[in-house]
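Read through the structure below, which is laid out as structure tokens, and then see the notes.
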Amino acid sequence: MDIWLPENVSTFGQGVDNLFILIYWITLIAFILVTATLIAFLILYRHRPGHKATYIEGSTKLEITWTTATTVIVFGLALLSYPQWNRIKSPTELPPADVVVEVSAKQFNWDMTYPGPDGEFDTEDDLQLENQLHVPVDKIVHIRLTSVDVIHSFFVPNLRLKQDTLPNRFITVWFEATKPGRFEIPCAELCGFQHSGMLGYLTVHSQADYDAWKAERWPPQ
Amino acid sequence: MNPTDIEITESRPLSNAKLAIFILLGAETMLFVGLIGAFLVFRMGSVTWPPISHAEINLPRLVTGINTILLIISGYTMFQALRAIQKDKIKQLRNMLIFTGVLGLLFLGIQGSEWIQLIGKGLTLQSGIYGGIFYVLIGCHALHVFGAVIWLAIVTGKAIRFKYSYTHHTGVETCTIYWIYVVALWPILYILVYLA
Amino acid sequence: MLQKSLLWIIILGFVLLAIPITVEACPACKELDEPIAEGFNWSVLFMMAMPFTVFGVVGGTVFYHFKRANPNKDV
Amino acid sequence: MQDNENKSHENDNDEHHLPANGDNGTESHDHDHDHDHDHDHDHVHDHDHDHDHDHAHNHEESFISKYIFSLDHKMIGKQFLLYGLIMFFVGGGLALLFRWQLAYPERPVPIIGASQQYIDDGEVVTAADRMWEKIFDSDKEEWLEVNMPSGVIEPAFYNMLFTMHATIMVFFVVVPILVGAFGNFLIPLMIGTRDMAFPVLNMLSFWLAVLAAIIMTAGFFVPGGHAAAGWTGYAPLSADPQWTGVDWGQNLWAISLLIQGFSSLVGSINYITTVINMRAPGMTFFRLPLVIWSLFIVAILLLLAFPVLSSALALLIFDRLAGTTFFSSTAEGGGDPLLWQHLFWFFGHPEVYILILPGMGIASEILPVFSRKPIFGYHSMVYAMITIAFMGWIVWGHHMFQSGMQPGLGTFFMTTTMLIAVPSAIKTFNWLGTLFRGSIRFTTPMLHGIAFVSMFVIGGLSGIYMANTPVDIYIHDTYYIVAHIHYVVFGGSLFAIFGGIIYWFPKMYGRHMNDTLSKIHFWLTFIAFNCTFFPMHILGVGGHMRRISNPMQYEFLQGFQGINIFITMSAFTLGFAQLILLYNFFWSMARGKVAEKNPWNVTTLEWEAPTPVPHGNFAQIPTVYRGPYEYSVPGEESDWIPQAQPEHAPATGGD
């Protein structure tokens, strides 16, 4: 799977990937078992002259066995995913922020707003960027997502993060990037005729680079 | 060895028509479930209801309450109509049907005049979700009452032409079921929209 | 009959297991500080219950008529 | 392993053997006197008792009342089938168009794009061009100029294409064929009655569906183009023309679906009433064939699900035309952007089961017949279907995990969604159990049945990824979903449809479909289907978003272009393979090998009726003595005992 999944650069991404790989193996084994049984049955019990089918109406014992087995497996999977899900999305488990950025989606751009030196939004020193999101590495970043028109979806494949943005409502998501680099932020929810191509860039800087970038861009106090 | 068609259908305790009406009512309920589901999102999701922009709007609770009683009475008279034909009292059936129809029309008339007043006060379909969901929800019910009145008119017409008898009145029965459903639905909407 | 009851027990078990999780998570919705979450919670609960209610009432009515007509007959 | 329950049922049966007085009282059958639609029945009965054979010939009907406004459930079923197949090619054609764009972005579409170039040169070359010119005069140029300048699909047009592909496939192909065609044709025949409970409503249901389809296709030709907000029509995108530039297209979309809702409502009332009230004597609920069970359950789902969509559509239409703001929170006093999804998926998830359950039913018919064995665990199959259906009502939130719902609700919906794996697994294992120690004949319907099972396994297993909330964060709205839905709806439902068509064709048209062509069609479809949709899993894991018209715009997707081209090639093969089916269907209707009454040696009642099935279906209403899958019963000479064969009578071997 590693060849398919894009590189993971977030702290919680590994948890998602692990679950994915676990389900991959479970479903792969289930698929192989079922298909092998199916093919074996097709060959073994094909119609031949003189061969007669056996009258079998069913088996309660078997029904109970496979019902229980599936229940245990799926419930185990559900249990395993609760902590991951809460860690990523639950507002109660939101880790404290080092950097807060407001991302407002509009047809067909991402508007990134930094609070500026005073650390407050909606003030004069806010920094507005279009389609460019710059964050430091190894720091917890909060993204306050909103939209000005329709529903968009903030998707960073490398962070394993996706969250729809809703007009007139703020949803906070967080991530902590583990590696500097430049990653794409496509829109994952159909948002109009130029939905394809609605694209922003996430640049993860090392702390030093980020400070330099900040010094250069943020308006003086 | 084989039974005939007549035995098969007569062995069924519910006629096709009655069964179909029950099933139809299930679907009708789900239509209202969708609208009430939307209403609940707005109602429970708002800090104040009516929203501040509509704070001065007072829904006519008392008049509508009286109207509710009228509609419930019409449900009772409709039921009496069915009882009448079950006892083979054609004349009483006719009277009760007409009485029910008049009550239904009265209900619609009062509703209509209320709407006109509300629109005059500035509560329109366009005035945000408060007005919107009010008119859609109540309007949907009003449409059902209207449909039921038309159906009732057809049934009454048949009753006047002596088309029903003690043994032969499924038309009255299905119409009664539908009417009582529409009547029973109203108090729920009244409580939800006007009182809650 | 055994499979049937087993299936229902499992479903019931799951729903029972799911309910505390939802309830536990619900303080979280309040901390969202958005009353709209409350609206959706009520709407979800209401809409989830209704198909079963409608099916139960209509199905029950039909079943009652059938059983009353032929108490011993298997429909 | 005898099922205890079956035994107790058999004991019950003895109590309600009906009196043996078949031929008296035929003239006094004024049953159900209270309903208007019942003249048709009376009409039918007169015939059936007068003539024991060849009723159809004596039935004087004009062309219109026989083929167009027919009240006969079989004709309506065939009409639905034809209608569904036509729409299948419309929907499939749209898919091929946008598949081209995905493989070769910004390149002119072959044939259509080419003819555009001819038009540019002032030449009209093909017959299609001339026809189009006649219909639209010079509008075609304008239309193509807007949507496909120089033959290249515009992004806005691309959105219309996939929106309509999904809408048509879901509402106008799979449901009409599975529920409309098979439901109408099979229910009265398999439960042993003469027609539907309300033939007029039945006809109404079909013509409403046609009206809906006409309105839906007309949307392409209105100014502003067709609906372009996806088949899910997410508001606020769909709620305000300014977001998509689509004005009347989206309105027509909503109106068409409202009409379709009426059609489904009428149809499902009819189905439910028929199954409850019109079963032949002895046909208890637990002797119903599984396909009837599935159609019955689906009718209940349609009945309860569609009105919720209707209410959502009504709100949408109000938003678009009357100036309300139910779905747009940006307006003054506005509503909620998630409300549409909330209502839509409350309908949408049961709808998904509406698409697959009849397929399961058809597979459960085909597998026992060609394994010459009873279905494994009949009762658990029924309970599994009921469970799947009703679970559908408590899982709809899983479509909204990333939409901004509270995470707590996400947890709840994940748990319930995971649960659906249980009844689905039960069904799969039961199908395998049906094959176990059987005597399997690899006829074409059987091949489709087996393909259904194996494709459903893949579709079901890939569903576990989406049900799992953390994994869903990543694969939500990617091609993984596209792969999953197509494995379930194409690999599942459509293989069942193909299998069902070939299996019941002899009963429908009195002829067999050409077996060689059917086999070629099957293998081409099976291989091309897997080549088309399996790689989509890989795209999805790579993060390839759905509904984007040009993957080349994204750096991280450029490496996938080879896969995209391969998928498009396979999709064209898949589309081509369906032409074989189309040709075979019409050719066999006229020229196929004439079929005997019961060519596959099946136990269920539809094969008791003469072929072709006359008006009124049965000479006499059959009495049912046993369950539907009595194959290879020990101690019996024949390996099948028809449901209508009296107890202890010597077995007969077909016709």
Side-chain angles (χ1 to χ4, degrees), chain C residues 1-59 61-63 65-66 69-70 72-75, chain D residues 3-5 8-9 12-13 15-16 272-273 276-277 279 284-287 300-301 303-305 307-308 329 336 338-339 342-343 346 350 377 379-384 386-387 389-397 400 404-416 418-419 422-423 426:
Chain C
M1 243 24 221
L2 197 58
Q3 300 113 304
K4 185 182 162 192
S5 33
L6 188 78
L7 213 58
W8 284 114
I9 288 167
I10 290 168
I11 289 166
L12 199 72
F14 257 89
V15 173
L16 287 180
L17 280 166
I19 286 169
I21 297 159
T22 338
V23 172
E24 189 191 315
C26 246
C29 354
K30 277 183 186 141
E31 276 173 45
L32 275 174
D33 201 22
E34 288 199 46
I36 193 74
E38 190 83 342
F40 274 103
N41 278 349
W42 281 99
S43 187
V44 163
L45 282 178
F46 169 72
M47 289 179 74
M48 202 178 268
M50 280 318 279
F52 300 93
T53 316
V54 170
F55 180 78
V57 170
V58 175
T61 314
V62 173
F63 189 74
H65 276 93
F66 272 75
N70 304 303
N72 300 317
K73 199 172 154 184
D74 190 5
V75 289
Chain D
D3 196 345
N4 293 337
E5 216 180 312
S8 68
H9 272 290
D12 291 348
N13 301 338
E15 291 164 19
H16 46 91
I272 298 171
T273 312
I276 291 180
N277 249 9
R279 281 165 292 130
T284 59
F285 264 104
F286 282 109
R287 283 175 178 176
I300 294 173
L301 281 184
L303 179 87
L304 300 183
V308 180
S329 55
D336 194 281
L338 282 181
L339 177 64
H342 176 58
L343 294 176
F346 185 78
H379 285 81
S380 68
M381 285 300 242
V382 173
Y383 293 130
I386 295 174
T387 318
F390 277 88
M391 300 283 306
W393 295 107
I394 53 173
V395 300
W396 80 96
M400 300 158 67
M405 62 162 20
Q406 310 96 285
L409 274 180
T411 310
F412 170 75
F413 280 122
M414 168 175 66
T415 316
T416 52
M418 284 287 204
L419 247 185
V422 176
I426 292 176

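Since we're looking at a predicted model, the values are computed, not measured. Every chain is numbered from 1 and lettered A, B, ... according to where its sequence line falls, protein lines coming before strand lines.
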- Rounded distance (nearest 0.5 Å) linking atom OG of C:Ser43 with atom CG of D:Asp336: 10.0 Å
- Message: Taking side chain as everything from C-beta outward and backbone as N, CA, C, O, which of these in C:Val58 sits under 4.5 Å from a heavy atom of chain D? Side chain, backbone, both or neither.
- Response: neither
- Message: Which heavy atom of D:Ile276 sits nearest to which heavy atom of C:Phe66, and what is that distance?
- Response: CG2-CZ, 3.5 Å
- Task: Give, for atom CH2 of D:Trp396 and atom CE of C:Met48, the distance between the pair rounded to the nearest 0.5 Å.
- Result: 4.5 Å
- Measure the spacing between CZ of C:Phe55 and CG of D:Leu304 and express it to the nearest 0.5 Å. 8.5 Å
- Nearest 0.5 Å, what's the CZ-CH2 distance between C:Phe52 and D:Trp393? 8.5 Å
- Anything under 30° is parallel, anything over 60° is perpendicular, the rest tilted; go ahead and classify D:His342 against C:Phe40. perpendicular
- Task: Let me know if D:Leu338 has heavy atoms under 4.5 Å from chain C in its side chain, its backbone, both or neither.
- Result: both
- Message: Under 4.5 Å from any heavy atom of chain C, what part of D:Val382 do you find: side chain, backbone, both or neither?
- Response: neither
- Which is it for D:Met405 and C:Val44 under the side chain to side chain contact (heavy atoms under 4.5 Å, CB included) test, yes or no, and what are the steps along the way? CA-CA 11 Å; D:Met405 62 162 20; C:Val44 163; over 6 Å; no
